[in-house]
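Structure first, then comments.
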Amino acid sequence: MNQRIVVDPITRIEGHLRIEAETAPDGTITGAWSSGTMVRGIELILKGRDPREAWAFAQRICGVCTLVHGIASVRSVENALGWTIPANAQLIRNLMIAAQHVHDHVMHFYHLHALDWVDVVSALKADPKATSALAQSISGYAKSSPGYFADTQKRVKQFVESGQLGIFAGGYWGHPEYKLPPEANLMAVAHYLEALAWQREVVKLHAIFGGKNPHPNFLVGGAPSPISAGPGSSGAAATTVNIVTLDEVRDVIASMQSFVDQVYLPDTLAIAGFYKDWFARGEGVGNFLTVGDFPAKGSDDPASWLIPSGVIVGRDLSHVEPIDLRDPAQVQEFVAHSWYDYAGGKQQGLHPHQGETRLHYTGPQPPYEQLDVEGGYSWLKSPRWRGKAMEVGPLARVAMLYAHGHEPTKALADQALRTLELPLTALFSTLGRTAARTIESKVYADQMTGWLDQLIANIKAGDASVHNAALWEPSSWPREAKGVGFTEAPRGALCHYVVIKDGRIDNYQAVVPSTWNAGPRDAAQQPGPYEAALMDRHHLHDPKQPLEIQRTVHSFDPCIACAVHVVDPHGTELTRIQVR
């Protein structure tokens with residue numbers, strides 16, 4: 001008899017995602033459904049507002065990846081009005097977006113995903129001397145002495161003996177699917193704690209250019225970062241970008257590069273080597289979409305972008321389809337299995353410029369036993385490109401860069417595959433996504449120094465411009481304008497669509513990465529990437545400890561409007577795993 005397994009919420013930090021899976025008697029997953037269980041609603045809040053302030057609201061779509069929503073929002077207004085920005089502003093944006101990627105990927109690997117592969121309790125059995133030898137065999141990272149790992153082991157032991165695992169609570173420790181030896185587990189746990197301290201320093205880049213983190217400031221038409229040719233002093237000048245703060249930015253970039261090269265990259269390869277079977281499951285839909293990002297200095301030509309835009313269908317890296325985000329025949333959102341409705345009926349697809357946010361909840365009242373998968377079962381819509389489900393994110397970007405012959409990406413991917421003795425097709429998998437995230441982190445960290453050098457060169461040449469005020473007054477705008485702003489967020493292609501009428505927002509729609517990946521089935525009953533990936537060669541060892549489901553869903557780095565936690569009326573966090 002088949003069983004229905006419910007994991008709710010499946011995210012470790014970032015929001016409201018429910019996964020239901022049906023398993024055959026042998027544990028094979030035969031069906032999967034992904035449900036976003038919270039309404040976003042920002043689109044409704046933005047209607048009627050001044051488009052120049054939209055970014056401040058749009059950023060609040062997420063409490064973690066706040067920067068990228070601000071970027072997409074200001075770009076949507078600039079695109080609608082034909083508003084160009086100075087070269088310095090573009091370089092500053094590139095640096096801020098790249099820093100978000102590196103910071104976010106490291107945090108995901110160690111704090112949201114590594115514990116799917118690393119048994120924390122097993123680390124107590126490790127020999128610190130052997131752990132030191134292992135660490136030194138894969139990296140020259142300074143913190144790798146026996147004493148360092150012995151101290152880490154003591155900290156973990158205190159958690160365990162107290163009966164309160166704290167940040168390590170809720171794991172399936174001892175699950176037979178954990179395959180790392182104790183020494184590898186101890187090394188990974190030490191780096192987990194190290195990454196917590198590291199991330200405090202790297203967010204300074206956002207504070208320097210955007211005033212704060214999270215939710216850094218933005219400005220339609222440029223960057224909110226006035227440049228001072230001098231070193232700055234107390235008062236207003238101290239808040240500008242100057243020689244002192246640019247030196248701090250260089251230090252932050254160096255810290256990013258060092259951690260990626262000496263910790264993140266070696267750890268990924270070391271852990272992946274024990275789980276090579278996970279490079280053969282969890283592929284998903286096999287179609288990949290990127291919108292492109294990181295324009296070259298002073299250029300709007302898509303050919304100059306570090307990340308190209310396009311679509312890869314059926315894993316075919318020899319052919320890339322062009323994408324036009326404004327074309328209603330290419331990009332549509334469906335609500336056939338969502339808790340939304342369209343005026344023209346639930347079976348149609350709408351381009352985001354004509355998009356509607358009409359709440360229409362017809363499901364059971366929470367808390368409920370299981371989803372009505374024949375009807376609506378998610379607060380996420382189902383975006384499609386020419387009717388096809390698309391995966392977005394690090395794997396899509398690495399595949400696109402590889403398809404375009406980007407040498408650094410090809411070299412890193414090929415070297416990783418050689419080390420692990422795997423074919424190129426291994427990238428299209430659960431661990432392929434994890435490896436792709438590491439690969440692109442190194443690509444971006446290495447690229448950032450060049451952007452900073454260009455910014456400094458511009459300033460030395462006398463160019464301190466960071467804002468184009470030419471279209472600031474609404475009296476100069478057309479009566480009606482439509483725009484789309486996009487960026488490659490850490491989790492994938494992010495697009496904000498805006499319709500401006502008489503100087504105010506008439507419609508606003510955000511098509512976010514986790515909508516592409518986590519959306520429910522569409523009108524043609526096509527599963528989304530999460531759902532398809534879970535049905536690709538997955539077998540649960542223990543339905544009451546669905547570690548295998550966590551591994552694949554977490555490989556996408558789910559983020560579902562993640563500013564709050566799921567609680568009952570008494571404030572108790574609701575985390576449930578059910579087997580029926």
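Heads up: numbering here begins at 1 and tracks the sequence.
- Across all their heavy atoms, Leu81 and Pro478 have their closest contact at CD2-CD, 4.0 Å.
- A 6.0 Å sphere centred on NZ of Lys212 holds more than 12 heavy atoms belonging to other residues, nucleotides or ligands.
- Counting heavy atoms from C-beta outward, Trp385 and Val392 have side chains that stay 4.5 Å or more apart.
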Item to check | Derivation and outcome, side chain to side chain contact (heavy atoms under 4.5 Å, CB included), residues Asn507 and His353 | outcome: CA-CA 7 Å; Asn507 193 10; His353 275 147; over 6 Å; no

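- When only modelled atom types and interatomic distance are considered, Asp293 and Thr487 share a side-chain donor-acceptor pair under 3.5 Å.
- The closest side-chain heavy-atom distance from Met96 to Phe218 is below 4.5 Å.
- Checked against side-chain hydrogen bond (donor to acceptor under 3.5 Å, both in side chains), Glu440 has the following partners two or more places apart in sequence or in another chain: His105, Arg397, Tyr444.
- Two residues are said to be in side-chain contact when any heavy atoms from C-beta on lie closer than 4.5 Å; Phe259 and Val102 fail this criterion.
- Annotation for Thr37 and Trp379: closest pair C-CD1, 3.6 Å, computed over non-hydrogen atoms.
- For the pair Val331/Pro383, no side-chain contact is recorded, criterion being any heavy-atom separation below 4.5 Å from C-beta on.
- Panel note: side chain Gln59, backbone Pro216; a donor-acceptor pair is recorded below 3.5 Å.
- Of all heavy-atom pairs spanning Arg93 and Arg75, the tightest one is NH1-CG, 3.8 Å.
- For the 3.5 Å distance criterion, the side chains of Gln330 and Asp324 fail to qualify, holding no donor opposite an acceptor.
- Checked against a 6.0 Å centroid threshold, the rings of Trp198 and Tyr141 do not count as neighbours.
- Nearest heavy atom pair, residue Ile85 against residue Gly222, reads CG2-N, 3.7 Å.
- Here the straight-line distance linking atom CD1 of Ile500 with atom CD1 of Ile505 works out to 7.0 Å at 0.5 Å rounding.
- Side-chain contact between Val249 and Leu452 is present, with heavy atoms from C-beta onward closer than 4.5 Å.
- Nearest heavy atoms, Phe57 versus Ile42: O-CD1, 3.8 Å.
- Under the side-chain contact (heavy atoms from CB on, under 4.5 Å) test applied with His406, the options Leu401, Leu412, Ile307 reduce to a single match, Leu401.
- Looking at Pro490 and Val68, their side chains come closer than 4.5 Å, going by heavy atoms from C-beta outward.
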Item to check | Criterion side chain to side chain contact (heavy atoms under 4.5 Å, CB included) on Lys381 and Val335, from CA distance to verdict | outcome: CA-CA 5 Å; Lys381 297 180 181 180; Val335 296; 3.8 Å; yes

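- Within the model, atoms CG of Leu289 and CE of Met400 stand 7.0 Å from one another, a figure rounded to the nearest 0.5 Å.
- With rounding to the nearest 0.5 Å, the separation of CG in Leu205 from CD1 in Ile253 is 6.5 Å.
- If you check the side chains of Ser555 and Thr434, you find no donor sitting under 3.5 Å from an acceptor.
- Between the side chains of Gln90 and Asn94, at least one donor N or O lies within less than 3.5 Å of an accepting N or O.
- No more than 12 heavy-atom neighbours from other residues, nucleotides or ligands sit within 6.0 angstrom of CZ on Arg155.
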Next on the checklist: Set out, in order, the CA-CA distance, both residues' side-chain angles and the distance that settles salt bridge (Lys or Arg N to Asp or Glu O under 4.0 Å) for Glu248 and Lys204, then state yes or no.
Outcome noted: CA-CA 8 Å; Glu248 290 185 52; Lys204 289 180 179 178; 5.5 Å; no

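- No donor-acceptor pair closer than 3.5 Å links the side chain of His467 to the backbone N or O of Pro224.
- Here Thr268 contributes atom OG1 and Ile439 contributes atom CD1; the two are 9.0 Å apart, rounded to the nearest 0.5 Å.
- Ser378 places a side-chain N or O within 3.5 Å of a backbone atom of Gly36 that can act as its donor or acceptor partner.
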Next on the checklist: Run Phe209 and Trp451 through ring pair (Phe, Tyr, Trp, His ring centres under 6.0 Å) and show every step you take.
Outcome noted: CA-CA 14 Å; Phe209 288 124; Trp451 290 325; over 10 Å; no

Next on the checklist: Could you walk me through whether Tyr264 and Lys442 satisfy the side chain to side chain contact (heavy atoms under 4.5 Å, CB included) test, starting with their C-alpha distance in whole Å, then the side-chain angles of each, then the deciding distance to 0.1 Å, before giving a yes or no?
Outcome noted: CA-CA 9 Å; Tyr264 183 19; Lys442 175 157 178 60; over 6 Å; no

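- Arg250 and Asp453 are joined by a salt bridge, as a carboxylate oxygen and a charged side-chain nitrogen come within less than 4.0 angstrom of each other.
- Of all heavy-atom pairs between Lys47 and Asp506, the closest is CE-O, 3.1 Å.
- One distance of note links OG of Ser309 with CD of Glu488; it measures 9.0 Å at 0.5 Å rounding.
- To the nearest 0.5 Å, atoms CD1 (Ile271) and CH2 (Trp117) are separated by 9.5 Å.
- Judged by distance alone, with hydrogens and angles left aside, the side-chain atoms of Ser35 form a donor-acceptor pair with the main-chain N or O of Tyr377 at under 3.5 Å.
- Judged by distance alone, with hydrogens and angles left aside, the side-chain atoms of Arg437 form no donor-acceptor pair with the main-chain N or O of Phe109 at under 3.5 Å.
- Between the Ser338 side chain and the Leu380 main chain, a donor and an acceptor come within less than 3.5 Å of each other.
- Looking only at distances, a side-chain donor or acceptor of Thr245 sits under 3.5 Å from a matching main-chain atom of Asn242.
- Under a 3.5 Å cut-off, the side chain of Arg384 and the backbone N or O of Gln332 do not form any donor-acceptor pair.
- Using a 4.5 Å heavy-atom threshold, the side chains of Met107 and Leu112 count as separate.
- Here the side chain of Asp502 pairs no donor or acceptor atom with the backbone of Arg504 at under 3.5 angstrom.
- A salt bridge links Asp104 with Arg491: at least one charged nitrogen is closer than 4.0 Å to a carboxylate oxygen.
- The shortest side-chain heavy-atom distance between Asn88 and Val241 does not fall under the 4.5 Å cut-off.
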Checklist entry - How far apart are the C-alpha atoms of Tyr530 and Ser514, what are their side-chain angles, what is the distance that settles it, and do they pass the side chain to side chain contact (heavy atoms under 4.5 Å, CB included) test? => result CA-CA 9 Å; Tyr530 283 16; Ser514 289; 4.1 Å; yes

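- His111 places a side-chain N or O within donor-acceptor distance of the main-chain N or O of Tyr192, the cut-off being under 3.5 Å.
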